[in-house]
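Below: the structure, in structure tokens.
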Amino acid sequence: MIILGIDPGSNITGYGIILIENSVHHYVGSGCIRINAKETSERLQQVYHGIRDVMGQFCPNEIAIEQI
């Protein structure tokens with residue numbers, strides 16, 4: 001199982017990926033999506049596209065999002 005964890009932010013949205021195999025947790029990767037737009041709608045669009053790209057790369061089975 002692959003899990004994507006998301007730490008949302010207004011300037012930087014962080015993410016981490018772990019793989020669980022036979023109850024063993026493996027670090028897969030992490031990174032951030034830097035937001036440089038000024039308008040809220042453009043910021044949300046940048047976050048959306050960034051998360052979509054991460055999901056396309058890692059194909060997570062589950063996602064967890066930290067509260068803002």
Side-chain angles (χ1 to χ4, degrees):
M1 172 184 299
I2 298 173
I3 301 173
L4 166 62
I6 300 171
D7 180 10
S10 58
N11 293 317
I12 299 173
T13 293
Y15 66 88
I17 309 288
I18 60 171
L19 170 66
I20 302 174
E21 290 182 312
N22 301 321
S23 300
V24 178
H25 297 70
H26 303 278
Y27 168 81
V28 175
S30 58
C32 62
I33 300 161
R34 299 194 182 275
I35 311 303
N36 55 21
K38 297 198 186 294
E39 297 295 322
T40 302
S41 60
E42 293 172 358
R43 288 176 172 275
L44 291 171
Q45 187 176 30
Q46 286 182 336
V47 171
Y48 168 78
H49 288 293
I51 295 298
R52 182 189 64 185
D53 292 346
V54 170
M55 290 180 65
Q57 181 179 355
F58 294 102
C59 300
N61 303 97
E62 294 188 15
I63 299 173
I65 302 176
E66 182 180 12
Q67 285 185 333
I68 296 176

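Note that this is a predicted model, so its numbers are computed, not measured.
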Tabulate below the donor-acceptor pairs under 3.5 Å that side-chain atoms of residues 3-21 make, not counting sequence neighbours, or state none.
from: N11; atom 1: OD1; to: R43; atom 2: NH1; distance (Å): 3.4
from: T13; atom 1: OG1; to: G9; atom 2: N; distance (Å): 3.4
from: T13; atom 1: OG1; to: G9; atom 2: O; distance (Å): 3.3

Show me the side-chain donor-acceptor pairs of residues 25-33 shorter than 3.5 Å, one per line, residues at least two apart or across chains.
from: Y27; atom 1: OH; to: S30; atom 2: N; distance (Å): 3.2
from: Y27; atom 1: OH; to: S30; atom 2: OG; distance (Å): 2.9

Residues in side chain to side chain donor-acceptor pair (under 3.5 Å) with Q46, at least two apart?
N36
Hey, what do you get for CD (Q45) to CZ (R52), rounding to the nearest 0.5 Å?
9.0 Å
Can you hop from I35 to L44 via hydrophobic side chains spaced under 4.5 Å?
no
Same cluster (ILVMFWY, side-chain, under 4.5 Å), V54 and Y48
no
Specify the closest pair of heavy atoms between C59 and G56, including all atoms of both residues, with the distance to one decimal.
SG-O, 3.8 Å
Mind checking whether V47 and M55 sit in one hydrophobic cluster, side chains of I, L, V, M, F, W, Y counted as touching below 4.5 Å?
yes
